[in-house]
Amino acid sequence: MVKIVGSFEVDDWVHWKKTFDAHSEAREKANIKSIYVGNELENNNKVHIVMETPEVDTMQKFMQDPENAKVIEQSGHKQETTVMSICSD
């Protein structure tokens, strides 16, 4: 298992989090486990996540799937701000 530590900006934290939570079943089916999801106190629209996946490319494949990509876009995730690091245990 690998850990993915990421940060990115969203248009609206409340909307993004509601969309993220509603899409949890799809992440579970893709073997993506959410360990931490939160936002900065001084910038509500700056999100930080920690996820666990079985393979290095699991998250990338998930985000590129057309159905998931549509949900990500509709959530207000500003993909150009995304920074992800792949880490070991």
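Note that the structure is predicted; figures quoted are calculated from it, not measured.
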Linked hydrophobic residues, Leu41 as query - side chain contacts closer than 4.5 Å: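 Taking Ile, Leu, Val, Met, Phe, Trp and Tyr as members, Leu41 stands alone, with no cluster partners.
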Hydrophobic clusters here meaning ILVMFWY residues chained together by side-chain heavy-atom distances under 4.5 Å, can you tell me if [X] and [Y] are in one?
{"X": "Val37", "Y": "Val10", "value": "yes"}
{"X": "Ile4", "Y": "Val71", "value": "no"}
{"X": "Ile49", "Y": "Val14", "value": "yes"}
{"X": "Tyr36", "Y": "Val83", "value": "no"}

Which residues pass the side chain to side chain donor-acceptor pair (under 3.5 Å) test with Lys61, sequence neighbours left out?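 Scan of Lys61 (side chain to side chain donor-acceptor pair (under 3.5 Å), adjacent residues dropped) gives Asp57.
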Closest contact, heavy atoms only, [X] versus [Y]:
{"X": "Met51", "Y": "Ile35", "answer": "C-CD1, 4.2 Å"}
{"X": "Thr19", "Y": "Ser75", "answer": "CG2-CB, 3.7 Å"}
{"X": "Cys87", "Y": "Val5", "answer": "SG-CG2, 4.0 Å"}

Can a donor-acceptor pair be found, under 3.5 Å and without considering hydrogens, that links the side chain of Thr53 to the backbone of Glu55?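 Such a contact is found between Thr53 side chain and Glu55 backbone.
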Could you measure the distance from the [atom1] atom of [X] to the [atom2] atom of [Y]? Nearest 0.5 Å is fine.
{"X": "Ser24", "Y": "Lys29", "atom1": "OG", "atom2": "NZ", "value": "10.5 Å"}
{"X": "Gln60", "Y": "Ile86", "atom1": "CD", "atom2": "CD1", "value": "8.5 Å"}
{"X": "Asn68", "Y": "Lys70", "atom1": "CG", "atom2": "NZ", "value": "12.0 Å"}
{"X": "Ile32", "Y": "Met59", "atom1": "CD1", "atom2": "CE", "value": "4.5 Å"}

Evaluate whether atom [atom1] of [X] has more than 12 neighbouring non-hydrogen atoms of other residues, nucleotides or ligands under 6.0 angstrom away.
{"X": "Lys78", "atom1": "NZ", "answer": "yes"}
{"X": "Glu80", "atom1": "CD", "answer": "yes"}
{"X": "Gln79", "atom1": "CD", "answer": "yes"}

Does the ring center of Phe8 lie less than 6.0 Å from the ring center of His77? yes
Under the side chain to side chain contact (heavy atoms under 4.5 Å, CB included) rule, what do Lys3 and Ser88 come out as? Steps first, then yes or no, please. CA-CA 6 Å; Lys3 303 291 188 285; Ser88 64; over 6 Å; no
Pairwise side-chain hydrogen bond (donor to acceptor under 3.5 Å, both in side chains) hits with a residue in residues 7-18, at least two apart: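 Qualifying pairs, neighbours excluded: Lys17-Asp21.
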